[in-house]
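As structure tokens, the structure follows; a few thoughts come after it.
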Amino acid sequence: MKRAVICYTLAAKEDTMWEPANDLEAQRLEKLNRLKQQGVDPYPPRVERTHTIAQAVTEFEAAEQAAGDMEPIPVTICGRMRAHRPQGKSAWGDVEDGTGQVQIWVKLDEVGEAAMDLYKKDVDLFDYVQVSGTMMRTRRGEVTVEANNLTLLAKSLSPLPVVKERKLDDGTIERYGGLTDPETRYRERYADLAVNPDVREVFRTRARTIKAIRDYLDAAGFLEVETPILQPLYGGAAARPFMTHHNQLDQDLYLRISFELYLKRLLVGGFDAVYEIGRDFRNEGVSRKHNPEFTQMEFYKAYIDYTGVMAIVEEMLSTVVQAITGGMTITPEKGTIDFTPPWDRITLRDAIREQSGIDYVDYPDAESLAAVMKEKGVHVTEGATWGRLVDTLLGEFVEPGLIQPTFLLDYPRDISPLAKRKPDDPSHVERFELFIGGLEVGNAFTELNDPIDQEDRFRQIRELYAEGSDEYNPIDEDYLNAMRYGMPPNGGFGMGIDRFVMLLTGRDNIREVLLFPALREKDEG
RNA sequence: GGGGGUGUAGCUCAGUGGAAGAGCAGGGGCCUUUUAAGCCCUUGGCCGGGGGUUCGAAUCCCUCCACCCUCACCA
């Protein structure tokens, strides 16, 4: 049943069998058919690998070190052809698997005419091959598999761009060719990954980063949980949601915009420290810093306030940076960023006052604040609320300068409905945002656990923003119900994993750290 | 959504009103220590789609599409 649906979808898109789009594909198809006629299966079901490429090289180098008299090391490796250097009755090539790359040397004497013909005539770049042979080192010092057998494992029908590399005298590697068109790279990420090893490295770093965060939180006693992605109500952030519908329940559902309200329900349930790493969905503009779905990490811990959160975040992220880079610093283009704790702490009010000369408490309503901002030449959105104006000041004057990890403290109450008031200043809440490299990467509160105050805040927000506006949030009665049973005092933190990975990998576009970033569907014609 | 830019061979790019080009990849030939292998020969294009101006358009104009940058929007 499921299969039929899939076939139908594909058929609707493209109703005819694939045909070669150009000479290169036609030639490769011809080779494929020629091989089939010779009785060669171009996609055999079985392989006989004895070594990964990394294992083969390591084993050989260890043997070289160990003894003067070396036993020959027989290996069978598998991989994809990355370079092809035919040379009469012998031929060189480079084969790559997931562990590395090695040179192969195919000689007529060793492999015989059939395999030599296969290699020279019918094996193309990006074909998969299995090579049996003996490890050796060439005169120029390159570790090489001297082949005595070569078989095809999988034929490549569409050519990928060739990348050539040259090692310069100073040891740096100069690269030629490749796949650089961003549209093709994002649409056909498989091709991008196949030809660009540095792109593969970005996603390895991404995986290691997430693992390091998970390891830290697990070790610190947090419980990893999973909460609904499909939610009857959305909340925990100010963002427009995606909507969907469950047929049998006949119920509209939203894709979550944050994890917050469900994770804090779990504190009511008796878990003292929980976290979740997963996907959030926001139906908003796509940009260098925004993708409609993105990976978020949120944790909540009972019996700490936002200063306790800061301590955890400092330790967690510096530990992660250490695990990824081996040091405490990263060096993107904006200069060295040092994660050594403690990090800078400054109140939002002081930061804005220092950078813009505006003390927003002197302008307690939207009209007067908008007026003074216009005097300073700031673009002010028509009808913006006071809280939104403060946020504009932050984005305009403060954010770009926050290169070193910095906690920006104490936000106006009316843009932070889930945070607890400051005891000495009820107009502000105990909240911080974390900025690194000029990017907002995290957000945290001393979480509001007073159900009466929480309901009051929800109602104020609802009055402030009309239903249907971007900031509108439905009141989550069930969340209030949970809180009325008793929620421990707690601190919580949320962070955009993608943006943090951008910092660690030195990429300035979120699409560079997402395997399959959101793109508009391509319209034929 | 506004502004700017890009779109030419499989890939990376030149060409800005007068016979569509280069390098790499591909095909043929020579070559048994090459590694951006080399040398000789060579195939390959609805110049993003559509419309217009012109004797003539890859090039100028209009329009549509996609991508990039930027602004707006965005806890």
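Each chain gets a letter, A, B and so on, in the order its sequence line appears, and its residues count up from 1. Remember, it's a predicted structure, so these values are computed and weren't measured experimentally.
- Take A:Lys31 and apply the side chain to side chain donor-acceptor pair (under 3.5 Å) test, not counting sequence neighbours, and it matches A:Asp124.
- Atom CG of A:Asp117 is separated from atom P of B:G28 by 11 Å (rounded to the nearest Å).
- Summarising the geometry, the separation between CG on A:Leu179 and P on B:C67 is reported as 16 Å, rounded to the nearest angstrom.
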Enumerate all atom pairs, one protein N or O and one N or O from nucleotides 38-47 of chain B, separated by less than 3.5 Å.
none

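- For A:Asp122, the salt bridge (Lys or Arg N to Asp or Glu O under 4.0 Å) criterion is met by A:Arg34, not counting sequence neighbours.
- The side chain of A:His290 lies closest to B:C74 when the candidates are B:C74, B:C31, B:C68.
- B:A66 is paired with B:U6 under the Watson-Crick or G-U wobble criterion, all donor-acceptor distances under 3.5 Å.
- Here B:C31 is the nucleotide among B:C31, B:U34, B:C24 with the atom lying nearest to any side-chain atom of A:Lys120.
- When each of B:G28, B:A75, B:C31 is scored by its nearest atom to the side-chain atoms of A:Lys89, the top-ranked nucleotide is B:C31.
- Using bins of under 30°, 30° to 60° and over 60° for the plane-to-plane angle, the ring pair A:Tyr360/A:His428 lands in the parallel bin.
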Acceptor/donor pairs from residues 139-147 of chain A side chains to any protein atom, 3.5 angstrom cut, sequence neighbours excluded:
unit_1: A:Thr144; atom_1: OG1; unit_2: A:Gln103; atom_2: NE2; d: 3.0
unit_1: A:Thr144; atom_1: OG1; unit_2: A:Glu142; atom_2: O; d: 3.0
unit_1: A:Glu146; atom_1: OE2; unit_2: A:Lys107; atom_2: NZ; d: 2.7

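- For B:G21, the paired base is B:C13 (Watson-Crick or G-U wobble, both distances below 3.5 Å).
- Which of B:A75, B:C68, B:U35 sits closest to the side chain of A:Arg85 comes down to B:U35.
- Under the rule for a salt bridge (Lys or Arg N to Asp or Glu O under 4.0 Å), A:Glu188 has no partner lying at least two apart in sequence or in another chain.
- With sequence neighbours excluded, no residue forms a salt bridge (Lys or Arg N to Asp or Glu O under 4.0 Å) with A:Glu375.
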Taking N or O atoms only and anything under 3.5 Å, show me the protein contacts with nucleotides 5-8 of chain B, one pair per line.
none

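- Rounded to whole angstrom, the span from the CG atom of A:Leu348 across to the P atom of B:A75 amounts to 15 Å.
- You'll find that the side chain of A:Trp92 is closest to B:U34, out of B:U34, B:G29, B:A75.
- For A:Thr138, the side chain to side chain donor-acceptor pair (under 3.5 Å) test picks out no residue, with sequence neighbours left out.
- For residues 430-445 of chain A, the pairs satisfying side chain to side chain donor-acceptor pair (under 3.5 Å) are A:Tyr411-A:Glu433, A:Ser416-A:Arg431, A:Glu430-A:Thr446, A:Arg431-A:Glu433, A:Arg431-A:Asn443, with sequence neighbours left out.
- The same atom, P, is picked in B:A14 and in B:G7; the two are 8 Å apart, to the nearest Å.
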